[in-house]
Every structure is written in C-alpha cells, then in structure tokens.
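See below for the structure under consideration.
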Amino acid sequence: MDKSFHMLPDGRYLNGKPRRCPDGTYVGDGGPITRAPDGTYVAGKPQRAPDGRYLGDGGPVRMAPDGTFVVGTPRLAPDGTYL
C-alpha cells in the first residue's frame with residue numbers, strides 16, 4: 001500500500017492511491033474494493049470501528065488524537081484530519 005496522502009476531487013485526503021468505487025466514493029489502495037455490511041465500500045476486508053463505521057483492513061483499528069478511528073497508526077493529513 002502506498003502510504004502517501006492524496007487529495008480527492010472534493011478536497012479531502014486519503015491514504016494511498018485513490019480508487020473509485022461503484023457508488024462514486026473513493027478508497028485507498030490497501031486491498032480489493034469490498035462492500036461492507038452497511039453498504040459502504042472499503043479497501044480490503046471490512047473491520048467495524050467502535051463508532052459503528054466500517055474501515056479497511058490495513059492494520060488494527062485505533063483511536064486518533066482527535067477521537068476518530070483509523071486503521072493502523074494515525075497520521076495527520078495536510079488538512080488536519082487523521083488517516
């Protein structure tokens with residue numbers, strides 16, 4: 001997986017190279033595009049975060065300093081969000 005940040009067309013950031021999902025959203029390059037049980041798309045096998053969202057399987061789900069949940073080690077993106 002590419003660990004660099006990429007800006008999406010809407011100005012948000014994503015880990016890795018963005019790939020467009022069938023519903024028009026984007027996921028990173030951490031595995032095959034997979035549909036989670038709630039209908040969202042993730043990269044790799046879906047993991048459920050404590051806040052109820054589904055994340056991809058690039059590592060364990062961890063809480064970032066701002067209280068959001070991320071996969072693997074939280075990294076601060078240029079827009080101030082944690083990925």
Side-chain angles (χ1 to χ4, degrees):
M1 177 176 172
D2 179 1
K3 285 293 190 180
S4 60
F5 296 120
H6 287 77
M7 186 186 286
L8 299 175
D10 65 4
R12 292 180 303 121
Y13 284 88
L14 187 73
N15 271 328
K17 183 179 178 186
R19 294 179 296 154
R20 195 171 181 114
C21 300
D23 66 353
T25 59
Y26 291 87
V27 297
D29 59 0
I33 295 173
T34 308
R35 191 166 187 152
D38 67 353
T40 60
Y41 288 91
V42 298
K45 184 179 176 185
Q47 299 184 78
R48 188 151 192 165
D51 64 1
R53 293 181 309 128
Y54 282 92
L55 304 172
D57 68 351
V61 175
R62 295 188 175 136
M63 184 183 281
D66 66 354
T68 59
F69 291 95
V70 299
V71 173
T73 303
R75 296 175 52 223
L76 189 60
D79 65 356
T81 58
Y82 283 92
L83 304 175

From CG (Leu55) to CD (Gln47), nearest 0.5 Å: 7.0 Å
For Arg48 and Tyr54, which heavy atoms make the closest approach, and how far apart are they? NH1-OH, 3.2 Å
Against the six-membered ring of Phe5, is Arg75 placed for a cation-pi contact (under 6.0 Å from the centre, within 45° of the normal)? yes
Any idea which heavy atoms bring Ala64 and Val70 closest together, and the distance? CB-CG1, 4.4 Å
Considering all heavy atoms, the nearest Leu83-Ala77 contact: CD1-CB, 3.8 Å
I need the Leu8 CG to Asp10 CG distance, nearest 0.5 Å. 5.5 Å
Arg62 atom CZ, over 12 foreign heavy atoms within 6.0 Å: yes
Of all residues at least two apart in sequence or in a different chain, which pass the side-chain contact (heavy atoms from CB on, under 4.5 Å) check with Arg19? Val27, Asp29, Ile33, Ala43
Closest non-hydrogen atom pair, Phe69 against Arg53: O-NH2, 2.9 Å
For Val61 against Pro50, the heavy-atom pair lying closest together: CG1-CD, 4.0 Å
Is there a path of hydrophobic side-chain contacts, each under 4.5 Å between heavy atoms, that joins Met7 and Tyr26? no
Quick check for you: to the nearest 0.5 Å, what is the distance between Thr81 atom OG1 and Asp66 atom CG? 8.0 Å
Closest non-hydrogen atoms of Pro46 and Thr34, given as atom of the first, atom of the second and distance, are CD-CG2, 3.8 Å
